[in-house]
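What follows is a set of notes on a single structure, which appears directly below.
Below, read A as the first sequence line, B as the second, and so on, with proteins coming before strands; counting in each chain starts at 1.
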Amino acid sequence: MKFTHATVPTLKEKPAEAEVASHELLLRAGMMRPLAAGIYTLLPLGALALARIEDVVRDEMNAAGACELILPTLQPSDAWEESGRWSAYGPEMMRLADRQGRDFCLAPTAEEVITLTVARIAPSYRDLPLNLYQIQTKFRDETRPRFGLLRGREFRMKDAYSFHADAADLDETYARMYEAYSAMARRCSLEVKVVEAATGLIGGDISHEFMVVSGIGEDVLVFCDSCDYGANAELESHRPSRAIGSPGGAAPEEVHTPDMTTIQDVAAFIGVTPEAVIKCVMYVADGEAVAAFVPGYREVSEPKLAAALRTDDFHPLREDERELFGGLTPGFTGPVGLRGVRVLYDSELAGGQGMVCGANRLDYHLRGVDEGRDFAAEPLADIAAAVAGDLCPRCEGSLGMARGIEIGHIFKLGLKYSEPLKAHFTDADGVSRPMVMGTYGIGTSRILQTVVEQHRDEKGICWPTAVAPLPVELIVLDPGNGSQAEAAARITGGLAERSVQVLTDERSLSPGIKFNDADLVGLPVQVVLGKKLVDGMVDLKIRHTGERRDVAAGDAVGGVIRALEEAP
RNA sequence: CGGGGUGUAGCGCAGCCAGGUUAGCGCGCGUGCUUUGGGAGCACGAGGCCGCCGGUUCGAAUCCGGCCACCCCGACCA
């Protein structure tokens, strides 16, 4: 493939829109171009890299016994109405109407459609299990698209759906998908951590996310330093390592705390640590006032709060909603004597003694408050976020935090779709039962950018061989030189016989430009044809190490093959 | 959704505050010559609804209003 034919519009300068390295490099290396927010054209090299990644995914799915199919991307609302997600998915779904005014969406995922399809073609337990997947473009009208392909509104994803006669059979496939996903990441040279995750809009009981640890990740992860426990912060569980409260004993006493609305201020003023203060965060959930209490050194976890409240429709109290709390003031609200609002206490508050909290009176706090005696922490719920140093829920290790890029997510769905969409089968006893389902997604375009994020240096991308758009770039320094052209043809032909594709840069440009473009594009092995060819030598460069070798022109093909075998 | 920022040639930017010649610079692009092992030199040249609509003015890239697009931050921690 010629460099010019591949249209590789490299950029010398960083495009203004690129905030993260991988985004910048994909643009500068001429692999993609933006069309609108979160929507990109993949140019030939980008399309090739995506194809390599999707080949890996396809290969592992097939090896795990799944079969590929193609589902419609344009889907009628009916299916989504039946599952209840037409409304539940909200504004994130791209919706449109046809000329008759019938509602459709551009599919963000495909549980409904696959379930309806399988319901009609697999009536018997003899037809199960099934594991069907597709690799397709998906659409989600993200609140805030960003970081190039990492959070796009149009993106590529492999989505698989499995159907089983019982939960044990689902467990088996789930485990196989877990292994397949690990293998895909490995083959893409991505190091993943698997964490327990919330099931969100997809639903179901159990799910695991495949995360690439990265400072630019949008998810916060919690890990144990001694066992394999790992969880997304949105549902982690932890055991506190610090004690709350303070030495006390006496009855509650009001303290004048003018203008002290932060935990820090109040704790310092009264002479206790934040561990002794009860933090009250005020929310409005489904139009009702909710006071969430957590230890002063922690923050409320809104994803956990949503789970505890059983609603997503809540937000922190706004100025104009104060009357819902009977005029109580943020900063001075506490559990003692609080009435007329819904309350939730973080479990850690149970049994706290000698606590400090808002007095429900402007500019006053209470100290010497004991849970049980002065107020009852009911109901208890896990609504606080973890802090580094908390203890593991499973062992004696302690928890640390990291950020991660979610590349894959697998779910045990159970009956969430098969019941409403009536995906029933007849079991061996002649009884009709809903199928037990699983769903497994992996973002291939997101992997594309994640690979770049994890494999690069100051000069450009360093593609791992397995997913490089092409394995070799051949740089012909003087394309007008007959012997160089001849050698280029011979080497390209020799490599083609071994199924090694070559990107040939035979542009009439100065060498520096071609060298720099080659490093920017980052194919694993570079072959340079230049002056040394007179002495029968060519240069070979290993991109990821920068190592250069002189190789006899006659052995160039062998040299490249050897170099590719060594490259990661 | 809330807040902030930016829209001027393919890319990166200046010009705008203090309105007034043919709207500039670097890179890129075209032609010619010279160059050719890490982003070459000279010469000539092409390329702009100054995001869109409206207003103010003798005159608007510049001032005012509205809209659109893109980017960033935040989504309230008391």
Rounding to the closest angstrom, what is the interatomic distance between A23(B) and U36(B) at atom P? 41 Å
Give the rounded distance in Å between these two atoms: CD of Glu218(A) and C1' of A75(B). 14 Å
Does the structure show a Watson-Crick or G-U wobble partner for C52(B), both distances under 3.5 Å? Name it, or say none. G66(B)
Which residue, Ala16(A) or Ala36(A), contacts RNA chain B at a nucleotide closer to its 5' end, judged by nearest heavy atom? Ala16(A)
May I ask you to decide if Pro108(A)'s main-chain N or O and Arg140(A)'s side chain share a donor-acceptor pair within less than 3.5 Å? yes
Please tabulate the protein-to-nucleotide N/O contacts below 3.5 Å involving nucleotides 76-78 of chain B, giving atom names and distances.
| residue | atom | partner | partner atom | Å |
| --- | --- | --- | --- | --- |
| C76(B) | OP2 | Glu302(A) | OE1 | 2.9 |
| C76(B) | OP2 | Glu302(A) | OE2 | 2.3 |
| C77(B) | O2' | Glu299(A) | OE2 | 3.3 |
| C77(B) | O2 | Val300(A) | N | 3.0 |
| C77(B) | N3 | Val300(A) | N | 3.4 |
| C77(B) | N3 | Val300(A) | O | 3.2 |
| C77(B) | N4 | Val300(A) | O | 3.3 |
| C77(B) | N4 | Glu302(A) | OE2 | 3.4 |
| A78(B) | O3' | Thr261(A) | O | 2.6 |
| A78(B) | O2' | Thr261(A) | O | 2.6 |
| A78(B) | O2' | Gly331(A) | N | 2.6 |
| A78(B) | N7 | Cys280(A) | O | 2.8 |
| A78(B) | N6 | Met282(A) | N | 2.6 |
| A78(B) | N6 | Met282(A) | O | 2.6 |

Classify every nucleotide of nucleotides 35-43 of chain B by which part a protein heavy atom approaches to under 4.0 Å, writing B for the base, S for the sugar-phosphate alone and - for neither, in 5'-to-3' order. -BBBBS---
With a 4.0 Å cut-off on heavy atoms, is Ala292(A) in touch with a base, just the backbone sugar-phosphate, or nothing at all? nothing
In whole Å, measure the gap between the C1' atoms of G51(B) and C70(B) for me. 10 Å
Checking Tyr364(A) against Phe332(A) for the side-chain contact (heavy atoms from CB on, under 4.5 Å) test, could you report, in this order, the C-alpha distance in whole Å, the side-chain angles of both residues, the deciding distance, and whether it holds? CA-CA 6 Å; Tyr364(A) 285 89; Phe332(A) 301 99; 5.8 Å; no
Interatomic distance at P, G65(B) relative to U21(B), whole Å: 25 Å
As its Watson-Crick or G-U partner within any shown strand, both distances under 3.5 Å, G38(B) has none
Taking the same atom, P, in G32(B) and in U6(B), what whole-Å distance lies between them? 44 Å
Separation of atom CD in Glu13(A) from atom P in A9(B), rounded to whole Å: 14 Å
Quick check: closest heavy atoms across Asp370(A) and Gly354(A), and the distance to 0.1 Å? OD1-N, 2.8 Å
With a 4.0 Å cut-off on N to O distance, would you call Glu142(A) and Arg153(A) a salt bridge? no
If I pick the C1' atom on C49(B) and the same atom on U31(B), what distance separates them, to the nearest angstrom? 29 Å
Can you tell me the Watson-Crick or wobble partner of G19(B), both distances under 3.5 angstrom? none
Salt-bridge contact Lys531(A)-Asp539(A) (side-chain N to carboxylate O under 4.0 Å): no
Scan every strand shown for a Watson-Crick or G-U wobble partner of C29(B), both distances under 3.5 Å, and answer none if you come up empty. G45(B)
Under a 4.0 Å threshold between the charged nitrogen and the carboxylate oxygen, would Glu566(A) count as salt-bridged to Arg543(A)? no
Separation between the P atoms of C63(B) and C33(B), rounded to whole Å: 48 Å
Taking pairing as Watson-Crick or G-U wobble with both contacts under 3.5 Å, can you name the mate of C1(B), or confirm there isn't one? G74(B)
For Lys14(A) and G12(B), give me the distance from atom NZ to atom P, rounded to whole Å. 12 Å
Once the angle between the rings of Tyr40(A) and His23(A) is folded into 0 to 90°, is it parallel (under 30°), tilted (30 to 60°) or perpendicular (over 60°)? perpendicular
In plain terms, say whether Arg95(A) and Asp141(A) are close enough for a salt bridge, that is, a side-chain N and a carboxylate O under 4.0 Å apart. no
Donor-acceptor pair, distance only, cut-off 3.5 Å: does the side chain of Thr257(A) make one with the backbone of Val266(A)? no
Would a line drawn from the ring center of His315(A) to the ring center of Tyr283(A) be shorter than 6.0 Å? no
Restricting both atoms to N or O, compile the protein contacts to nucleotides 1-5 of chain B shorter than 3.5 Å, with distance only.
none

What interatomic distance, in whole Å, is found between C1' of A43(B) and the corresponding atom of G19(B)? 38 Å
Considering only the P atoms, how many Å lie between G59(B) and U22(B), rounded to the nearest integer? 16 Å
Whole angstrom value for the distance that separates P of C70(B) from CG of Leu35(A): 10 Å
Do Glu302(A) and Lys304(A) sit within salt-bridge range, that is, some charged N less than 4.0 Å from a carboxylate O? no
Using a strict threshold of under 4.0 Å (side-chain N to carboxylate O), is an ion pair present between Lys2(A) and Asp505(A)? no
Shortest non-hydrogen pair, Pro15(A) vs Glu24(A), comes out as CD-CG, 4.3 Å
